[in-house]
2 protein chains.
Amino acid sequence: MKNQKRTTIYDIAKKLNLNASSVSRALSNNNNVSAATRELVLKTAAELNYKQNSLASNLRRGHNKTIGVIVPHINQNFFADVIAGLEEVTYQQGYNLIICQSNESYTREVESVNTLINQHVSCIIISVSADFEDDSHLRNILAQGIQLIQFDRVADNLETFKVVNDNERASMEAVSHLITQGYQRIALLEGPQNLNIFKQRKDGYIAALKKHNFEVLPELMIENAWTKELGAIATRKLLNMPMPPDAIFASTSDFSALGVLEVAHKMGVMVPEKLGICGYSNEAFTEITTPSITTIDQHSVDMGKTIANLFFQEMGSEKEVRPKIVNIQPKLIVRSSTLKNKLGRSVR
Amino acid sequence: MKNQKRTTIYDIAKKLNLNASSVSRALSNNNNVSAATRELVLKTAAELNYKQNSLASNLRRGHNKTIGVIVPHINQNFFADVIAGLEEVTYQQGYNLIICQSNESYTREVESVNTLINQHVSCIIISVSADFEDDSHLRNILAQGIQLIQFDRVADNLETFKVVNDNERASMEAVSHLITQGYQRIALLEGPQNLNIFKQRKDGYIAALKKHNFEVLPELMIENAWTKELGAIATRKLLNMPMPPDAIFASTSDFSALGVLEVAHKMGVMVPEKLGICGYSNEAFTEITTPSITTIDQHSVDMGKTIANLFFQEMGSEKEVRPKIVNIQPKLIVRSSTLKNKLGRSVR
DNA sequence: TTTATATTCGCAATCGATTGCTTAGTAATT
DNA sequence: AATTACTAAGCAATCGATTGCGAATATAAA
């Protein structure tokens, strides 16, 4: 079974008393072969169970119909969805995806970039890790003549194609919604501020408060509360304050919003009456908690498709194209956890 | 930016007045080079920002440190987790993953197999699509000398390495648990029976009933109820029967269990008092529904790791190894939705 | 000093497919 | 009949790294 010979175009050529070049041309639908020999070649190729060796073909042609993807974790919903969207489009174009996960580690991210460069991928699509340090490895991608698209978490001062969510606007919209619902003291759970997406969400929160002439209170902004557990801890602290917040915007993820909800339940704080809760990401479970959680949908599968289309449309053209930034508008999904005004929770 | 020249070993060789073979040997830590030249080569390689061309290397050496993975959907938790586990191990061995999704389509599955064969991957890891027709494409993988590991959904009559869950046992355990809790009429939501995993779960259900001398009632076994919507429809039908079930085992997925739960809520049927519910897969949300849902954990990340280890350990050896089947024991996670006996739902 | 052994390195073929160029053969044109 | 135009197919180089073999040089042994 091991290392057996696979049929090559030479095998086909020999069998038909042809030259390998003719076989190659026949298989690639090149017009420099007669219809008769093409037929013959295709027939014997099928008979001998010939499979093209993409390695050889790619080496010769100098490019690889393969796209590399680097994400922090493959099995986080957002990234899994983006990859699913990517695959959908790239598959149709005959491209393959090589997937790497950085595990939020900068070292691994750099290593992954290097293997992808070695593989001669046509494009690298990346969402940088949480302990992102500097962008030399990304610059190296460009230096090797490989296309680069950053998405979601992007290195701000590196000019490349980018597909991002308008985090600031979404965040602003969410907080405005809370204010409209009558919440007065709105707390924020923040993510690591070295990632631009979390900074933008914080900015949106602050902008919304200012717009409505609310005071921006540092004690209501909790750093690094981006897991369910950290969200729970932060909530306990917030609700035990002398003047506790009456709403919490878990800007990091729905998981931290879930932590908020659980603590509220345990402490007997009514949601949404006494505490409004808003998450981020529109994870499947936000629809089915009691009460269901208001959140922000990032159109993740579409994001994947957008990224892929960007590659095939914009970057496929021969002329040098200026890096473009695509801003996807996330959508606020209002559910029961913030509907203080219209009780009865009829909205789904 | 486009099509620029990348540095090759020839560039390094020329600069150092060496032959490319020496450069190659130096870079590959071959002992047939002096320490001095190795130093020199490594230094200039770094200076010139040399990156190995894996295409050329793989072509010459006849193998590709790449593993192909084909799953129905990348963004289903179970598969995403398995892939994450796979990546974890393969990364450490310097292997890359090429990911394809079949979208439950047989045609796409066959096409994906073909591209992976063309790519000369060392191994193909597959969980077959729902409309799996025949295994000729899988046999073709073996015929091309490529390793093959099937997991979860496997083609029964093809002898290859397999990593599966003991679905029948898990299913039996779940139903036995329901019986122990005092449920008397236990319904089953089935998945497509052309997939062996769903057949096994049904077998486990029947075996448990028989073991406890319960009657096996065809009217309580609902076919193809494997999404949330189909689960809901089935539940409505079941609960409107003259003699409705007092427990439903959604053997297909937690999503269908969720459909059951929602219908129960709407119809005012108390869970777990009047209706016990058990799902399958241990999706994240099962922990946080009200009541939380009893389910079965498949150790999905570990499964991925097991598969990868199987490849590196068993199949790496030169001697022909007999295909081996690894059976992973899923774990019943008892939560509130089936705790009729001990009310108060103190268990998490 | 001479012979034997070990190191280090170059030469050239190889992996399989592609492609520019050339040649042979056929058809069309005058 | 002769020249031109065109088609079909072969030749050989190429992509970049690897590797068996042999040559040259250095080192050790006699």
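Just so it is clear: chains get the letters A, B, ... in the order the sequence lines come, proteins before strands, and each one is counted from 1. Quick caveat, the model's predicted, so the values are computed rather than measured.
Taking only side-chain nitrogens and oxygens, Tyr50(A) comes nearer than 4.0 Å to OP1 or OP2 of dA17(C). Contact between the side-chain N/O atoms of Asn19(B) and the OP1/OP2 oxygens of dC9(C) is not found at any separation under 4.0 Å. Residue Thr37(A) has a polar side-chain atom (N or O) positioned under 4.0 Å from OP1 or OP2 of dA9(D). Using a 4.0 Å cut-off, some side-chain N or O of Ser34(A) falls inside it from OP1 or OP2 of dA9(D).
Checking dG16(D), dC9(C), dA17(C) against every side-chain atom of Asn53(B), the shortest atom distance belongs to dG16(D). In the set dA17(C), dA12(C), dC11(D), the nucleotide with an atom closest to the side chain of Ser21(B) is dA12(C). Taking only side-chain atoms of Ser22(A), from C-beta outward, the nucleotide of dT19(D), dA9(D), dC9(C) with the closest atom is dA9(D). For Arg25(A), counting side-chain heavy atoms from C-beta on, the closest listed nucleotide (dG10(D), dG10(C), dA9(D)) is dG10(D).
Counting non-hydrogen atoms of neighbouring residues, nucleotides and ligands closer than 6.0 angstrom, the CD atom of Gln93(A) exceeds 12 such neighbours.
When rounded to the nearest whole Å, the span between NE2 of His120(B) and C1' of dA17(C) equals 11 Å. Computed from coordinates, the Ile12(B) CD1 to dG16(D) P distance equals 13 Å when rounded to whole Å. Rounded to whole Å, the distance from CG on Leu59(B) to P on dA13(C) is 17 Å. Distance, Leu16(B) CG to dG10(C) P: 10 Å, rounded to whole Å. The separation between Gln52(B) atom CD and dG16(D) atom C1' is 9 Å, rounded to whole Å. Computed from coordinates, the Leu55(B) CG to dC15(D) C1' distance equals 10 Å when rounded to whole Å. Here dC15(C) presents its P atom at 11 Å from CG of Asp11(A), a figure rounded to the nearest Å. For Tyr10(B) and dC11(C), the OH to P distance is 12 Å, given to the nearest whole Å.
For the pair Ser57(B) and Val33(A), both in contact range of DNA chain D, the more 5′-proximal nearest nucleotide belongs to Val33(A). The residue among Ile9(B) and Asn17(A) whose nearest nucleotide of DNA chain D is located toward the 5' end is Asn17(A).
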Should Leu310(A) and Val163(A) be marked as a side-chain contact (heavy atoms from CB on, under 4.5 Å) after you check the CA-CA gap, both sets of side-chain angles, and the distance that decides it?
-> CA-CA 9 Å; Leu310(A) 196 63; Val163(A) 177; 3.8 Å; yes
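Side-chain N/O atoms of Lys51(A) and Asn114(B) include a donor and acceptor closer than 3.5 Å. With 3.5 Å as the limit, one finds no donor-acceptor pair spanning the side chains of Ser105(A) and Asn103(A).
Between Glu109(A) and Arg153(A) there is no salt bridge, since none of the side-chain N atoms of the basic residue sits less than 4.0 Å from a carboxylate O of the acidic one.
The residue Leu27(A) sits apart from the nucleic acid: no heavy atom pair falls under 4.0 Å.
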